[in-house]
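This structure is a prediction, so every number in the text was calculated from the model and none was measured. Atoms within each ligand, like the ligands themselves, are counted from 1 in listed order.
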Amino acid sequence: MRKLTTFFSTLIFCYSLNSAYAGEVEVLHWWTSGGEAKSVNVLKKMLEAQGHSWKDFAVAGGGGESAMTVLKTRAISGNPPAAAQLKGPDIQEWAELGFLSNLNDVAAEEHWDDVIPKVVTDIMKYQGNYVAVPLNVHRVNWLWANPAVFAKADAKIPTTLAEFFTAADKLQAAGFIPLAHGGQNWQNATLFETLALDILGAKDYLKAFVKLDDKTLGGDKMVEVFRVLKKISHYIDSDSPGRDWNMATSMVINGTAGMQIMGDWAKGEFIAAGKLPGKDFVCVPAPGTQQQFIFNIDSFAMFELNKPEDIKAQKSLAKTILTPEFQTIFNLNKGSIPVRIDMDMKQFDSCALDSMAAFKASNKSGDLVPSMAHGLAVSEKVQGAIFDVISNFLNDPKAEPQYAAIKLARVVKAAK
Ligand code: BGC
């Protein structure tokens, strides 16, 4: 009897400890594809294991345009989530408006400044204070290929634009769709910035998409980017408008298409489908961008909360994200590389190891550039203006590259 009483009082004690501590975090994200959902679930499970509850707020739509619209509505009505997937300059804008909470205590305790590269922490801080937590580093400029399809078409996996067109012709002649692509704004912009990096080089890419220099935006090299974009569009099938990016990846997985130019979240789809790198699929840097690296960093910005237990849960979330355990499992599923520089990379595949090596080397050589298409380079407003020019150009068969570049410079000037 005494034993039983002790057992129950211990149980009640633990319960009260846990319930005093347990809080809820509502997390807004757009990770709904197979690989993405698997990845974010890791975080949910790790948070729940600490006694907190996770309220999932997933808003479908690659690139996050819809998620951002929903976030604004919630914030305006005074009810933002605890954490939201926010990127680059948008983090600064939300912090400036006073929505974000200070994470310096967690950052100091966990030594974030020592284990995360400065190029990343600069984005996570507003006026020197941490307001967001990075989850990973995605490389945007990748080309994914199905080697079996290439073998059937007797084509070589391309490393330059000239080789890309040779391979595309062969794939087409053999009855395959050369390039799997979804005609959505952000996917068009992803393809565009990858071509721009090759054609402009890193220095002029930065001038165009970070400094927003109108001479570079409207210059001859940009005209060439539009010209090549149009040429590539002839190797994309006519069902592409509106297609989701993961459906395009499936076309490479199931062998209807030969290639996709997409960030390494595509690898998450190959992995979720049980495919092996080097055997079932191949990753190579997008044509002409071997030394260069367009970075896209996923991060959760933390919003101001009132309830102490929810604030504790929010801090646990922030802390968990940067633990080596989470960094490993999450990035293995997501296709990205860990954002910590002190990680053991034993479990990672050759695509991830190449990405890590290129990330470090490009940071030294000046070839590391932020993604315009994924919100790391420009604000949402400027990004929207650029997206419209690119998509309108692609959708209009009569559009002139020369005029598109002039228009690009003009709209960016008006939006900045
Ligand atoms: C995000 C990735 C995501 C992709 C497709 C990108 O903007 O950074 O995490 O997988 O969009 O949804």
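Within the structure, the side chain to side chain donor-acceptor pair (under 3.5 Å) test picks out the following pairs touching residues 261-273 (sequence neighbours left out): S33-E269, H138-D264, W142-D264, K267-D349.
Here the CD atom belonging to Q260 is positioned 9.0 Å from the CG atom belonging to L143, to the nearest 0.5 angstrom. Between the CZ atom of F281 and the OG1 atom of T249 there is a distance of 10.5 Å, given to the nearest 0.5 Å.
For a threshold of 3.5 Å applied to N or O pairs, the pair formed by W186 and ligand 1 contains no separation below that value. Not one N or O of W265 is nearer than 3.5 Å to an N or O of ligand 1, by distance alone.
Close approach of ligand 1 to K87 (heavy-atom distance below 4.0 Å) involves ligand atoms 1 (C), 6 (C), 7 (O), 8 (O). Which parts of ligand 1 touch W245 is read off a 4.0 Å heavy-atom cut-off, strictly below it: atoms 5 (C), 12 (O). Which parts of ligand 1 touch H138 is read off a 4.0 Å heavy-atom cut-off, strictly below it: atoms 9 (O).
Here the heavy atom of the protein found nearest to atom 6 (C) of ligand 1 is H374 ND1, 3.4 Å. Among all non-hydrogen protein atoms, the one lying nearest atom 2 (C) of ligand 1 is K334 NZ, 3.5 Å. When only non-hydrogen protein atoms are considered, atom 1 (C) of ligand 1 lies nearest to D298 OD1, 3.4 Å. Nearest protein heavy-atom contact of atom 5 (C) of ligand 1 is E36 OE2, 3.2 Å.
Other residues, nucleotides and ligands contribute only 12 or fewer heavy atoms inside 6.0 Å of the CD atom of Q291. Within a 6.0 Å radius of CG in N79, other residues, nucleotides and ligands contribute more than 12 heavy atoms.
For G63, the closest heavy-atom approach to ligand 1 falls below 4.0 Å.
Partners of F387 according to the ring-ring contact (aromatic ring centres under 6.0 Å, His included) rule, which considers only residues two or more places apart in sequence or in another chain, do not exist here.
In this structure, W186 and H374 have perpendicular ring planes: the angle between them is above 60°, well past the 30° mark.
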